[in-house]
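Data first, discussion second: the structure below is written as structure tokens.
Protein chains get the first letters and strands the later ones, always in sequence-line order, with residue 1 at the start of each. Below, all heavy atoms of this structure are taken into account, side chains as well, without hydrogens, waters or symmetry copies. Just so it is clear, the model here is predicted, and its values are computed rather than measured.
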Number of protein chains: 2
Amino acid sequence: MARTGRNYPKGLARREEILEVALRIVAERGYNAATIRELAEAVSLSKTGLLHHFGTKEELFAEILRRRDQRDIESVQSVGDARELLSQILAHNADVPGLVQLYSRFSAEASDPDHRAHEYFAERYERNRVDLATMVRALQEEGHVTPAADADALGALLLAAMDGLQLQWLYDKSFDMRRSISALMSALLEPRDAPEAEQGA
Amino acid sequence: MARTGRNYPKGLARREEILEVALRIVAERGYNAATIRELAEAVSLSKTGLLHHFGTKEELFAEILRRRDQRDIESVQSVGDARELLSQILAHNADVPGLVQLYSRFSAEASDPDHRAHEYFAERYERNRVDLATMVRALQEEGHVTPAADADALGALLLAAMDGLQLQWLYDKSFDMRRSISALMSALLEPRDAPEAEQGA
DNA sequence: GTCTATACCGCGATAGAC
DNA sequence: GTCTATCGCGGTATAGAC
């Protein structure tokens, strides 16, 4: 049902418009305000008219998050320094509180095995854990992180820290997420490779 | 409205019964199934009959989480080793997936400033950050953690890691939360004080 | 104080007409 | 591809019985 019209110009344009408006509404009025009725009204459609394009509310939100991930992955390519990678993602996310709220709430809701987006997040977590563990291993091979460290466990920890810090930030926008992730990276990286370890960077 | 009858035996007994049943339903059938109608039926009350005791669904859940916090705080007193503290909390939580699910989803929902439990969580995060930072400072004074570390930033990080690891665990119950928190503690603690640092503990 | 009945609102989703 | 109509559900508010 969500597949309808993905190959027709009119339908594609509508989908883009809906995704854009949905994100704007979440950002401006919060996740709760982003109901099907509200979104439909904002793009001058009926409820069912909107559902025609995405099938369910969950698929619509999942599509928004998929695109964010895609953007993050692309931006990651341009970041050479592993130390700065997570910090830069947090910095970018701090500019789009609506997306952060959507991600945090949606990922918590979808922890229910019956949720339509459950598999999406389960796979996303698994994949990100592997990717981050790979990053830790690379740092180990380069001598920046002690070989004694458990790379897999630290990969999962980095992912957990990102999620947890963003949740705290949602409760207090003055909370400095980057400072905490920076303190963590300082602890992980060998002193000899990061002698002048500041937090604010 | 939620204050009613907190001093009368019958009302007190009902409140206890409701809290107990609510937790059981969340554990057995998930957060989504824990609706007012469902809970009321389980304790043989009408919807409004149940609401009489807690005023709103949010207050009921907040009360459950307040009690968990209280238990955690008390159990903390008996744990001397800071290294084992968070690991033990995770171990205990792994025995009550319903509570973890309730906490994760409820805390994400309440990130909305208009949510009834928003202030509760905002204060809880602030307090826990301070407490964990204090713990880090104590470790610094004892020489277990380098004085160069940012205690406040690490306090927030530890809290974030706890939340994030539990969310990942909700998606994959075979995920080892303690292994990640243990790897983090190994990185934070000076090698000379934790020479035989295993992960599985 | 404890509790029931009722009536209401907004939500997501579906069926079927156009 | 879009609409109207309708459904079931969760949460809330009020009146009033015991």
**Message:** Can you measure B:Leu60 atom CG to D:dG11 atom P for me and round it to whole angstrom units?
**Reply:** 11 Å
**Prompt:** Roughly how many Å is it from CD1 in A:Ile36 to C1' in D:dC3, rounded to a whole number?
**Reply:** 15 Å
**Heavy-atom closest contact (B:Ser107 atom, B:Phe121 atom, distance)** = CB-CE2, 3.5 Å
**Asked** Base, sugar-phosphate, or nothing: which does B:Ser46 touch, judged by heavy atoms less than 4.0 Å apart?
**Response** base
**Item:** Rounded distance (Å) that lies between atom C1' of D:dT2 and atom CD1 of A:Ile18
**Value:** 12 Å
**Prompt:** Should B:Arg71 and B:Glu74 count as an ion pair when the cut-off is N to O under 4.0 Å?
**Reply:** no
**From C:dT4, D:dT12, C:dA15, nucleotide with atom closest to A:Thr48 side chain** = C:dA15
**Item:** Residue B:Leu51, side-chain heavy atoms: nucleotide from C:dA13, D:dC3, D:dT12 that is nearest
**Value:** D:dT12
**Complete:** Out of C:dA13, D:dG10, C:dT4, minimum distance to the side chain of A:Thr56 belongs to C:dA13
**Request:** Nearest whole angstrom, please: distance from the P of D:dG10 to the CG of A:Asn32.
**Result:** 18 Å
**Asked** For B:Phe54 and D:dT12, what is the distance between atoms CZ and P respectively, to the nearest whole Å?
**Response** 14 Å
**Asked** Is the NZ or CZ atom of A:Lys47 positioned over A:Phe54's six-membered ring, under 6.0 angstrom from the centre and within 45° of the axis?
**Response** no
**Request:** Please name the pair of heavy atoms, one in A:Ala156 and one in A:Arg129, separated by the smallest distance, quoted to 0.1 Å.
**Result:** CB-CD, 3.5 Å
**Fill in**
Out of C:dT4, D:dT2, D:dG11, minimum distance to the side chain of A:His52 belongs to D:dT2
**Asked** What's the closest nucleotide to the B:Lys57 side chain, out of D:dG11, C:dC3, D:dC3?
**Response** D:dG11
**Asked** With a 4.0 Å cut-off, would you call A:Glu16 and A:Arg67 a salt bridge?
**Response** yes
**Prompt:** Tell me: CD of A:Glu41 to P of C:dC11, nearest whole Å?
**Reply:** 10 Å
**Request:** To the nearest Å, give me how far apart NZ (A:Lys47) and P (C:dG10) are.
**Result:** 12 Å
**Prompt:** At under 4.0 Å between heavy atoms, what does A:Glu58 touch on the DNA or RNA strands: base, sugar-phosphate, or nothing?
**Reply:** sugar-phosphate
**Request:** Measure from the side-chain heavy atoms of A:Leu45 and tell me the nearest of D:dT2, D:dT12, C:dT2.
**Result:** D:dT2
**Item:** Touch class at under 4.0 angstrom, heavy-atom based, for A:Arg37 against every strand present
**Value:** base
**Distance test, side-chain N/O of B:Arg14 to OP1/OP2 of C:dC3, below 4.0 Å** = yes
**Listed nucleotide nearest any side-chain atom of B:His53, set D:dT12, C:dT2, C:dC11** = C:dT2
**Interatomic distance, A:Leu50 CG vs D:dT4 P [rounded to whole Å]** = 14 Å
